[in-house]
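Note sheet for the following structure.
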Amino acid sequence: MTAGRGDRAAPPAPEGHWEVRFADAASAKGWESLAQQARENTYRAWITMRTAPRPVTETPRHHRLKGGLAHGTHRGRTCEQWQIEVTGGGRIWYLLDTVRETCWITFAGTGHPRATDRG
């Protein structure tokens, strides 16, 4: 069975860790493609979302998105939106839902997201 919207991206989070879930079916499908292309890096990104989704110091590979992409809404809740660069073009975007301690994956893919090309 393929993962879809609302599904957990892995087993339940242990105490002190964040849940990682897909915001929609497209992000789940993109996650699978990304995992096939860059298995180890995708796993490291999952660990990061699970344990340190809001880094103390942002890096070029893990940072909050800017401008109109800095926030997103999921289930009526506005959340910060973050990005992890998994490969040169591959990205994961996620909403940081601090109330639910959940990272909602809004985009995962092997190519650079088109939304950042606006401007």
Side-chain angles (χ1 to χ4, degrees):
M1 185 167 146
T2 305
R5 180 176 59 136
D7 285 349
R8 188 179 295 119
E15 186 69 32
H17 286 212
W18 290 64
E19 287 286 342
V20 178
R21 292 182 176 262
F22 301 111
D24 55 28
S27 61
K29 184 177 179 181
W31 177 272
E32 289 302 316
S33 295
L34 193 58
Q36 288 176 5
Q37 183 183 51
R39 181 179 176 169
E40 185 68 25
N41 289 357
T42 304
Y43 175 72
R44 287 183 188 139
W46 175 78
I47 292 291
T48 297
M49 287 185 284
R50 201 67 187 231
T51 60
R54 183 189 283 140
V56 175
T57 304
E58 294 182 27
T59 70
R61 293 186 71 98
H62 187 196
H63 58 86
R64 185 161 174 205
L65 292 171
K66 297 181 181 359
L69 299 172
H71 292 89
T73 304
H74 185 71
R75 295 185 178 175
R77 187 179 317 277
T78 300
C79 305
E80 296 175 3
Q81 188 160 233
W82 288 75
Q83 172 178 276
I84 297 175
E85 182 180 330
V86 179
T87 66
R91 304 287 193 273
I92 297 169
W93 288 3
Y94 61 94
L95 298 175
L96 195 62
D97 186 340
T98 57
V99 173
R100 294 186 179 107
E101 293 188 344
T102 300
C103 294
W104 293 100
I105 299 172
T106 57
F107 173 86
T110 58
H112 197 275
R114 288 188 178 139
T116 60
D117 294 337
R118 293 185 208 149

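Source: prediction; values computed, not measured.
With hydrogens and angles disregarded, no donor-acceptor distance shorter than 3.5 Å links the side chain of Gln81 to the backbone of Leu65.
For the atom pair OG of Ser27 and CH2 of Trp104, the computed distance is 10.0 Å after rounding to the nearest 0.5 Å. To the nearest 0.5 angstrom, His62 atom NE2 is 10.5 Å from Arg54 atom CZ. Separating the CG atom in Leu34 from the CG atom in Asn41 is a distance of 8.5 Å, to the nearest 0.5 Å. Taken to the nearest 0.5 Å, the CZ atom of Arg91 stands 8.0 Å off from the CZ atom of Arg61. Considering CH2 of Trp82 and CD1 of Ile105, their distance stands at 16.0 Å, rounded to 0.5 Å. The CD atom of Gln83 lies 10.0 Å from the OG1 atom of Thr106; values are rounded to the nearest 0.5 Å.
The closest side-chain heavy-atom distance from Trp46 to Ile92 is not below 4.5 Å. Proximity of Arg64 to His71: side-chain heavy atoms (C-beta onward) are separated by under 4.5 Å at one or more points.
When all heavy atoms are compared, the tightest approach of Asp97 to Cys79 is CA-SG, 3.8 Å. Closest non-hydrogen pair, Arg50 versus Ala13, comes out as NH2-CA, 2.6 Å.
Remark: Glu58 engages no residue in a salt bridge (Lys or Arg N to Asp or Glu O under 4.0 Å) (not counting sequence neighbours). By the side-chain hydrogen bond (donor to acceptor under 3.5 Å, both in side chains) test, Thr42 is found to be paired with no residue, residues two or more places apart in sequence or in another chain being considered. For Arg75, the salt bridge (Lys or Arg N to Asp or Glu O under 4.0 Å) test picks out no residue, with sequence neighbours left out.
The cluster map of Ile, Leu, Val, Met, Phe, Trp and Tyr, joined by side-chain heavy atoms under 4.5 Å apart, puts Leu95 and Met49 in different clusters.
The one candidate from Arg77, Glu19, Arg21 that meets the side-chain contact (heavy atoms from CB on, under 4.5 Å) condition with Arg100 is Arg77.
With no hydrogens or angles considered, no side-chain donor-acceptor pair links Trp18 and Glu101 at under 3.5 Å.
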